[in-house]
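Data block below; observations after.
Heavy-atom basis, side chains included; hydrogens, waters and symmetry copies ignored. In each ligand, atom 1 is the first atom listed, and ligand 1 is the first ligand listed. In this chain, numbering begins with 1 at the start of the sequence shown. Bear in mind the structure is a predicted one, so any value in this text is a computation, not a measurement.
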Amino acid sequence: MSINVEKYNTVSAALQNKAALVAVSKTKPIEDILELYTLGQKDFGENYVQELTEKYEHLPKDIRWHFIGHLQSNKVKYITPFVHLIHGVDSASLLKEINKQAAKHNRIINCLLQLHIATEETKFGLNEAELADLINEMQSGSVMPHIKICGLMGMASFSNDEKLIREEFGNLKKLFDKYAAVQTDNLQLQTLSMGMSSDYKIALQEGSNMVRIGSLLFGERNYNR
Ligand SMILES: *Cc1c(COP(=O)(O)O)cnc(C)c1O
């Protein structure tokens, strides 16, 4: 299996420097990642902590690793030495743990807060009220010097209903704009991570500036490898 260079060029052209591309390499071998890396891709996303740490060890050290899955507090410590951006932060307690582990490595770790925007119940993320609470907490001087909340992330419903997807992304963009003016020492919303292989074009139209694309670049995933 190897990567689809033509698709990579198409996607890169579609982004036109308006959005960053995170190439989602979960379940894909080192060789595929290297192939894309050789073309100039530096941002890669992974969902599983163990897979991420193994790939980190074997690949060039100037790759920026994005953790895009659901992160359990007890696993934070394995990725804090090197992770570039954690997309799926959905609780104050997880933030505290990231801050604690980052302190041990004297790092400041970039985080995105994940919002629950889909109609499906299975997806993780904060609701609007929880987001408001968290931002309030940050504003009222919650002391977490080793984290930086630099944006929001969300996943639309898994659906063919373009109108629904557009609406969900639009709602996330509204929240992003609403809190864009809030600036604290460790909160400044700049990154809006939304859009995957099937819906990234809609996400771009709705204001995304970071897309996470896997299967379009690497081919379909086979979970029974
Ligand atoms: C797997 C995954 C992606 C990429 O999905 P594709 O449909 O393969 O592009 C993006 N974001 C998250 C959070 C994922 O888990």
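Heavy-atom contacts from other residues, nucleotides or ligands closer than 6.0 Å to CG of Asn106 number 12 or fewer. Within 6.0 Å of the NZ atom in Lys61, the count of heavy atoms belonging to other residues, nucleotides or ligands exceeds 12.
The side chain to side chain contact (heavy atoms under 4.5 Å, CB included) test with Met210 is passed by exactly one of His87, Met153, Gln190: His87.
In the hydrophobic clustering of ILVMFWY residues, with side-chain heavy atoms under 4.5 Å counting as a link, Ile68 and Leu172 come out apart.
Contacts between His87 and ligand 1 below 4.0 angstrom, taking non-hydrogen atoms only, are absent altogether. Contacts between Asn47 and ligand 1 below 4.0 angstrom, taking non-hydrogen atoms only, involve the side chain exclusively.
Contact atoms of ligand 1 toward Lys26: 1 (C), 2 (C), 3 (C), 14 (C), 15 (O) (distance under 4.0 Å to a heavy atom of the residue). Proximity to Met155 (heavy-atom distance under 4.0 Å) selects the following atoms of ligand 1: 13 (C). Annotation for ligand 1: atoms under 4.0 Å from non-hydrogen atoms of Arg212 are 4 (C), 9 (O), 10 (C), 11 (N), 12 (C), 13 (C). The ligand atoms of ligand 1 that sit less than 4.0 angstrom from a heavy atom of Gly214 are 4 (C), 6 (P), 8 (O), 9 (O).
No N or O atom of Val24 sits closer than 3.5 Å to an N or O atom of ligand 1. Polar contact with ligand 1: present for Arg221 (N/O pair, distance under 3.5 Å).
Looking at His146 and His105, their side chains never come closer than 4.5 Å, going by heavy atoms from C-beta outward.
Note: His70 and Phe124 have parallel aromatic rings, judged against thresholds of 30 and 60 degrees for the angle between ring planes. Taking the six-membered ring for Trp and thresholds of 30 and 60 degrees, Phe44 and Phe218 have ring planes inclined between 30 and 60 degrees apart.
Residue contacts with ligand 1 include Ile213, since one or more of its heavy atoms lies under 4.0 Å from the ligand.
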